[in-house]
Visitor: 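I have a structure I would like to understand better, so I am pasting it below and will then ask my questions one at a time.
Note: hydrogens, waters and symmetry copies are ignored here, and every other heavy atom, side chains too, is used. What you are looking at is a predicted structure, and each value in this text was computed from that prediction instead of being measured. Just so you know, ligand 1 is whichever comes first in the structure, and atom 1 is the first atom listed for that ligand.
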Amino acid sequence: MRHNKYKILLVEDEANIRNLVATVLDNAGYQTILATSCAGAKTLYASYTPDLIILDLGLPDADGMELLSFVRKESLTPIIVLSARTNETDKITALDMGANDYITKPFGSGELLARVRAALRNNRFSSHDGRLPGGRFILRELEIDYDARQVFLNAEEVKLTQTEYNILALLSENCGKMMTYASIIKAIWGDYTPEGSIKKLQVNMANIRKKIGDKPGETNFIANELGVGYRLNA
Ligand code: CA
């Protein structure tokens, strides 16, 4: 099965964390390629074309954001940012620059593997026009028919407004990815306007979650990271 392994480029200068993450990934059956600097990571990225990149933001030779923008100019390879920073601004910047998700240190191996699986799956879902093959999206009991613009829960139609549908379709096209408030608002309303505000987004999102059966305080389909954004859980 060796030839079937996903290749993961791990960019982390701290030996302890690098060894820990590499061990967790190896044990889970992934092939791990290790880099300790931004320059080293660029070379390895070019020669190995990894399926996923796990990126520490604080690297000795450059900010991890530099590697993020370098990779995004070339490909949609999923990137999970490792951050010791609790600053929400850094997370939002990384997500808006094209990171798929982030994990704040310290993290458990279960959380790490869940994010890795979600990011790899997200990449499989995505197609170049942002649509899914076949025009249908299925996630457990939730089904979206993109051509008919209809949503079903347990095969029963869920009545959504146009805006609610557009938001849910956007999240589904980015399933598993944490979408920042700003990126959703920009995609749905064009930009920050009285129509496109965080408050308005939250109201729409509350309606969507109620309609697809998400209970407050529980994470079912849609996860909300306060102050950051929303993710449709793969
Ligand atoms: Ca570091």
Side-chain angles (χ1 to χ4, degrees), residues 5-123 126 174 176-183 223-231 233-234:
K5 282 186 176 182
Y6 280 115
K7 283 177 288 184
I8 300 178
L9 174 59
L10 170 60
V11 191
E12 169 63 81
D13 59 314
E14 281 171 71
N16 287 344
I17 299 174
R18 191 173 61 243
N19 293 339
L20 176 78
V21 172
T23 304
V24 169
L25 295 175
D26 285 344
N27 289 343
Y30 297 108
Q31 184 192 339
T32 317
I33 304 149
L34 302 174
T36 56
S37 67
C38 186
K42 283 181 184 173
T43 309
L44 291 173
Y45 166 78
S47 35
Y48 286 92
T49 56
D51 300 294
L52 171 77
I53 300 170
I54 298 178
L55 174 64
D56 174 38
L57 288 181
L59 295 170
D61 58 335
D63 194 296
M65 300 280 190
E66 189 186 315
L67 186 74
L68 188 50
S69 62
F70 172 81
V71 171
R72 274 297 164 267
K73 277 180 200 137
E74 310 221 333
S75 77
L76 291 171
T77 307
I79 299 173
I80 298 173
V81 164
L82 287 184
S83 175
R85 308 168 193 189
T86 46
N87 189 345
E88 244 108 60
T89 313
D90 285 329
K91 297 173 183 171
I92 293 168
T93 304
L95 292 168
D96 282 340
M97 281 177 71
N100 293 62
D101 212 339
Y102 63 82
I103 308 179
T104 306
K105 300 175 192 173
F107 49 85
S109 56
E111 185 190 2
L112 173 73
L113 290 174
R115 299 296 178 83
V116 165
R117 281 193 297 268
L120 288 169
R121 203 181 296 129
N122 174 36
N123 201 39
S126 302
N174 295 279
K177 180 181 182 344
M178 176 62 71
M179 303 283 290
T180 62
Y181 297 137
S183 68
N224 177 207
E225 190 94 12
L226 277 180
V228 179
Y230 295 94
R231 177 204 296 117
N233 287 314

Visitor: Of the non-hydrogen atoms in T36 and L59, which two are nearest, and what is the gap between them?
Guide: O-CD2, 4.3 Å
Visitor: Quick test of your reading of the model: are R18 and D56 salt-bridged, counting only N-O distances below 4.0 Å?
Guide: no
Visitor: Specify the closest pair of heavy atoms between M65 and D90, including all atoms of both residues, with the distance to one decimal.
Guide: CE-O, 3.5 Å
Visitor: If we only look closer than 3.0 Å, how many protein N, O or S atoms does the Ca ion (ligand 1) have near it?
Guide: 3
Visitor: Indicate yes or no for a side-chain donor-acceptor contact from D51 to the backbone of K7 under 3.5 Å, with no hydrogens or angles considered.
Guide: yes
Visitor: Should the pair Y6 and Y30 be assigned to parallel (<30°), tilted (30 to 60°) or perpendicular (>60°) ring geometry?
Guide: tilted
Visitor: Per the side chain to side chain contact (heavy atoms under 4.5 Å, CB included) rule, which among L67, I33, T77 passes with Y45?
Guide: T77
